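Take a look at the structure set out below.
Numbering of ligands and ligand atoms starts at 1, following listing order. These figures come from a predicted structure and were not determined experimentally.
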Amino acid sequence: MRLLVVGASGHLGGEVCRLAVAGDGFDEVVGAYHHEAGGVPGVRWERLDIRDGAAVDSLMRTVRPTVVVSAANRLGDWVAIADGAAHVARAAATVEARLVHVSTDVVHGGRPQPYGDAEPPTPITPYGAAKAAAETAVRALDPYAVLVRCSLILGDETSVQVRLCADLLAGRVAGALFTDEIRCPVADVDLAGAILELATSEHHGPINVAGPEALSRADLGRLIMRRYGMSGRLPLSTVVESGLPPRPREVRLDTSLARSLLRTRLRPASEVLARGGAVAVPS
Ligand SMILES: NC(=O)c1ccc[n+]([C@@H]2O[C@H](COP(=O)([O-])OP(=O)(O)OC[C@H]3O[C@@H](n4cnc5c(N)ncnc54)[C@H](OP(=O)(O)O)[C@@H]3O)[C@@H](O)[C@H]2O)c1
């Protein structure tokens, strides 16, 4: 079996590569990057711009993967997010590869009740709309693809959420963590394990893959501070006080299907962030 990870130089793509190389399910792991190859040993790196449909077709025909994980992302770039996902789905279908496309919880607009797996998107941001368009294209081009809707991805001290807390505390960036924006954060390694399991499952269509614990960004920040031994006062605000354009406030994902299908345990954020002693965050 050969795995192609698109967006392999990114946070989630890198984690998927690491797990795939460490396991015995794949004979070869090919990682596609846009600007700079990732650092995971054992991966064959290939440069690719998914906005270029012909380039995606060409790489797919050369690599001939059994499984494709589509995990590229570029905030603010509709063509990369939506057209790029469509190019990958079309090319994967052409070589009859199994496709796992990574989507997001913010295809939803937010409400107090948890969202089921198959609920149609209700985006309220440009990013959510682009990811929703990507989902629609992927489903039309490859009805057997898996669409993983995940929430905030937690990682080590170099990851986005941890860096954000360190930067806010040090005054290196402006802004605040919202007390009223609720998400179900998921550990990168749990999500990557779930993606690789889903790749060899019978499931197709959307599936929620997120942690079981719904937290505000402010509470997540407090857990990160405790885990990494950070001190100081985190700047906090509500979404309205921030003056930012409307964004999904409460997005809880019902993950009962994922939990019944998968051996990978989707751990709560407080467990993920309770490990070990304090680790220094590089400034
Ligand atoms: N991070 C989160 O909290 C979160 C939450 C919900 C859903 N997700 C979803 O999870 C997936 C992975 O997110 P992530 O945070 O791991 O992303 P990331 O770290 O920002 O990585 C993005 C990846 O996409 C690649 N890329 C960007 N534009 C490209 C293009 N035009 N052609 C080819 N590759 C391109 C980047 O390549 P280079 O680095 O080489 O330029 C990089 O490998 C995305 O689908 C995202 O929507 C993420």
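- Ranking protein heavy atoms by distance to atom 32 (N) of ligand 1, first place goes to Ile50 N, 2.9 Å.
- Counting heavy atoms closer than 4.0 Å to ligand 1, residue Leu48 contributes backbone atoms (N, CA, C, O) but none from C-beta onward.
- Taking every heavy atom of Ser151 and a limit of under 4.0 angstrom, the matching atoms of ligand 1 come to 5 (C), 6 (C).
- Side-chain N or O atoms of Thr66 include one that pairs as donor or acceptor with a backbone N or O of Arg2 at under 3.5 Å.
- Any N or O atom pair closer than 3.5 Å counts here, and Asp105 shares no such pair with ligand 1.
- Annotation: side chain of Val6 is in contact with side chain of Ile50 (closest heavy-atom distance under 4.5 Å).
- Listed by chain and number, the residues in a ring-ring contact (aromatic ring centres under 6.0 Å, His included) with Tyr127 amount to none (sequence neighbours excluded).
- Salt-bridge check for Glu181 with Arg217: passed, with a basic side-chain N closer than 4.0 Å to an acidic carboxylate O.
- A salt bridge links Arg44 to Glu28: one of the charged nitrogens lies within less than 4.0 Å of a carboxylate oxygen.
- Using a distance-only test at 3.5 Å, with no hydrogens or angles considered, no donor-acceptor pair links the side chain of Asp188 to the main chain of Leu12.
- At a threshold of 4.0 Å, the pair Arg51-Asp77 counts as salt-bridged, since one of the basic side-chain nitrogens sits closer than that to a carboxylate oxygen.
- Listed by number with element, the atoms of ligand 1 under 4.0 Å from a non-hydrogen atom of Tyr127 are 46 (C), 47 (O).
- With salt bridges taken as basic N to acidic carboxylate O contacts below 4.0 Å, one links Arg265 and Glu271.
- For ligand 1, the atoms sitting less than 4.0 Å from at least one non-hydrogen atom of Ala71 are 11 (C), 12 (C), numbered in the order shown with element in parentheses.
- For atom 43 (O) of ligand 1, the nearest protein heavy atom (residue, atom name, distance) is Ser9 OG, 2.7 Å.
- Taking only nitrogen or oxygen atoms, main chain and side chain alike, Ala32 does not reach within less than 3.5 Å of ligand 1.
- With hydrogens left out, the protein atom closest to atom 3 (O) of ligand 1 is Ile153 N, 2.9 Å, a heavy atom.
- Atoms of ligand 1 found under 4.0 Å from any heavy atom of Val102 (numbered from 1 in listed order, with element): 9 (C), 10 (O), 11 (C), 45 (O).
- For ligand 1, the atoms sitting less than 4.0 Å from at least one non-hydrogen atom of Cys150 are 6 (C), 7 (C), 8 (N), numbered in the order shown with element in parentheses.
- Distances below 4.0 Å separate heavy atoms of Ser103 from the following atoms of ligand 1: 7 (C), 9 (C).
- Residue Asp49 approaches ligand 1 through these ligand atoms, each under 4.0 Å from one of its heavy atoms: 30 (C), 31 (N), 32 (N).
- Annotation: atom 20 (O) of ligand 1 to nearest protein heavy atom, Asn73 O, 4.4 Å.
- In this structure, Arg139 places its CZ atom where only 12 or fewer heavy-atom neighbours from other residues, nucleotides or ligands lie under 6.0 Å away.
- For ligand 1, the atoms closer than 4.0 angstrom to any heavy atom of Thr104 are 6 (C), 7 (C).
- The shortest N or O to N or O distance between Lys131 and ligand 1 is under 3.5 Å.
- Taking distance alone, with nitrogen or oxygen atoms compared against 3.5 Å, Gly13 stays at or beyond that limit from ligand 1.
- Atom 29 (C) of ligand 1 has His34 ND1, 3.6 Å as its closest protein atom, hydrogens excluded (heavy atom only).
- Here the protein heavy atom with the shortest distance to atom 19 (O) of ligand 1 is His11 N, 2.9 Å.
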Can you give the donor-acceptor pairs under 3.5 Å from side chains of residues 101-109 to other protein atoms, not counting sequence neighbours?
unit_1	atom_1	unit_2	atom_2	d
Ser103	OG	Glu135	OE2	2.6
Thr104	OG1	Val106	N	3.1
Asp105	OD2	Ser151	OG	2.8

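- If you check which protein heavy atom lies closest to atom 16 (O) of ligand 1, you get Leu12 N, 2.8 Å.
- At a threshold of 4.0 Å, the pair Arg64-Glu96 does not count as salt-bridged, since none of the basic side-chain nitrogens sits closer than that to a carboxylate oxygen.
- A 6.0 Å sphere centred on CD of Glu202 holds no more than 12 heavy atoms belonging to other residues, nucleotides or ligands.
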